[in-house]
2 protein chains.
Amino acid sequence: MAKSVTLPPLVYPDRDEITVEGVLRALADPVRLAIVRQLAAADHELSCGALTVSVTKSTITHHLSILRQAGVVAGRQEGTTRFNSLRRNDLDALFPGLLDGVLAARR
Amino acid sequence: MAKSVTLPPLVYPDRDEITVEGVLRALADPVRLAIVRQLAAADHELSCGALTVSVTKSTITHHLSILRQAGVVAGRQEGTTRFNSLRRNDLDALFPGLLDGVLAARR
DNA sequence: GTCGTAGTTCGACAAACACCGTACTACGCG
DNA sequence: CGCGTAGTACGGTGTTTGTCGAACTACGAC
């Protein structure tokens, strides 16, 4: 038997499938922006539960799914926890400066 | 009597009133993004009518008002025409790289 | 096996949004 | 003056979006 690892049924867009508009839409929400900022601040991956936002779990799931579909974050499943990280490389390659500009904003 | 100049009842946010989230929201729409791209491409001001977008005039007005309130564009009234320009200086100062990153995206 | 923990999925609902058409103001020209 | 042009304001409509709670799956520990 193979290991009982539930391989990522998570699908992200390929780098060349990411659109500016999608990324902008994804970032244009206070909750999602907070998530992105926290992911950027912590240089390591963060589980959903480690995010400090003022919405319920199901709403977090929803927002993370949007961020993932937009190509902003990647997720790695490990047991019951899902670790999220920022797709910095891809975003910087596609839209150089965009992410840094957003993060540079006064909090 | 003073000159019949209708002084700009146009109000924009001051530079320090501009928020990232507002700017991102403003840019996260295909029509507005098209407008911003055209303003960036033309290094001079553009009248509302000079914009080539696929919506009616009233909708253009609406989008320009959103862009203006977000602090993305400035407008100068001259006769019956209003000339719009990108607030590059302010945006670059606040969110260095953001605008360039957005504009760098493959069309 | 039983419990607890981590996240997802599924409606449902209210608020926000893009869009339009029409009516309106304001300027400039003949 | 009257007409055309540039753009705004208003009211309405259909769609999208953020939010939640409750029910569900999946893993780990006891």
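These numbers come from a predicted model, not from an experiment. A, B, ... follow the sequence lines: proteins, then strands. Residue 1 opens every chain.
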Side-chain heavy-atom pair V72(A), L99(A) within 4.5 angstrom cut-off: no
For T56(A), side-chain contact (heavy atoms from CB on, under 4.5 Å) partners two or more places apart: S58(A), T59(A)
Can you tell me if T61(A) uses its side chain to pair, donor with acceptor, with the backbone of K57(A) under 3.5 Å? yes
Result block: side-chain N/O donor-acceptor pairs under 3.5 angstrom for residues 29-37 of chain A, not counting sequence neighbours:
from, atom 1, to, atom 2, distance (Å)
D29(A), OD1, V31(A), N, 2.9
D29(A), OD1, R32(A), N, 3.2
R32(A), NE, A26(A), O, 2.6
R32(A), NH1, H63(A), ND1, 3.0
R32(A), NH2, R25(A), O, 3.3

Quick one: does Q69(A)'s side chain have a donor or acceptor within less than 3.5 Å of a partner on P13(A)'s backbone? no
Treating primed atoms plus P, OP1 and OP2 as sugar-phosphate and everything else as base, which nucleotides of nucleotides 4-20 of chain C get B, S or - for protein heavy atoms under 4.0 Å? --SBBB-------SBSB
Backbone N or O of A70(A) within a donor-acceptor pair of the Y12(A) side chain at under 3.5 Å? no
Measure CD1/I35(B) against P/dG7(D) and give the value in whole Å, please. 12 Å
What is the distance, rounded to the nearest whole Å, between atom CD of Q69(B) and atom P of dA9(D)? 10 Å
d(CG, L24(B); C1', dT17(D)) in whole Å: 17 Å
How many whole angstroms separate atom CD of E21(A) from atom C1' of dT16(D)? 13 Å
